[in-house]
Amino acid sequence: MGIRVVGNAEVTGIRTDDAGRARAVTTADAEYPADVVVLGIGVRPATELARAAGLSPGRSGGLLTDLAMRVRGHENIWAGGDCVEVLDL
């Protein structure tokens, strides 16, 4: 299908045409023609403040919450966004 996957390459730019559509991805070493660009950048939970306050993170480093987004074991503390582990039902 003509799909090329390039891993572990730091993107330095995305070249676009006059309409703003992606046409190429540039790295320090190469330029790759592109019609579609998919970035898998990942997220690391920012839980330093929570840890300093005595809250324990889960396996992936995010805070564990219940369905109401309360931190487990702390009924009056809520958390959301990148600092929580996702509960996948």
Exam field: side chain Glu85 to backbone Arg59, donor-acceptor pair closer than 3.5 Å: yes
Using modelled atom types and a 3.5 Å cut-off, is there a donor and acceptor pairing between side-chain atoms of Thr26 and backbone atoms of Gly13? yes
So, taking the atom named [atom1] in [X] and the one named [atom2] in [Y], what distance separates them when rounded to the nearest 0.5 Å?
X: Arg70; Y: Thr65; atom1: CZ; atom2: OG1; result: 10.0 Å
X: Asp66; Y: Trp78; atom1: CG; atom2: CH2; result: 9.5 Å
X: Asp29; Y: Thr12; atom1: CG; atom2: OG1; result: 9.0 Å

Just so I know, are the side chains of Asp35 and Arg23 near enough to count as touching, which here means a heavy-atom distance under 4.5 Å? yes
Tell me, please, which residues at least two apart from Asp18 pass salt bridge (Lys or Arg N to Asp or Glu O under 4.0 Å). none
Which residues pass the side-chain contact (heavy atoms from CB on, under 4.5 Å) test with Leu55, sequence neighbours left out? Ala50, Leu63, Val71, His74, Ile77
Verify side-chain contact (heavy atoms from CB on, under 4.5 Å) between Arg15 and Val25, making sure each step is shown before the conclusion. CA-CA 6 Å; Arg15 295 189 187 267; Val25 174; over 6 Å; no
Shortest non-hydrogen separation from Met69 to Gly80 and the atoms involved: CE-CA, 4.1 Å
If you look at every heavy atom in Cys83 and Ala46, which pair is closest and at what distance? CB-O, 3.7 Å
Enumerate the residue pairs fulfilling side-chain hydrogen bond (donor to acceptor under 3.5 Å, both in side chains) with a member in residues 45-54, sequence neighbours excluded, ordered by first and then second residue. Thr47-Arg51
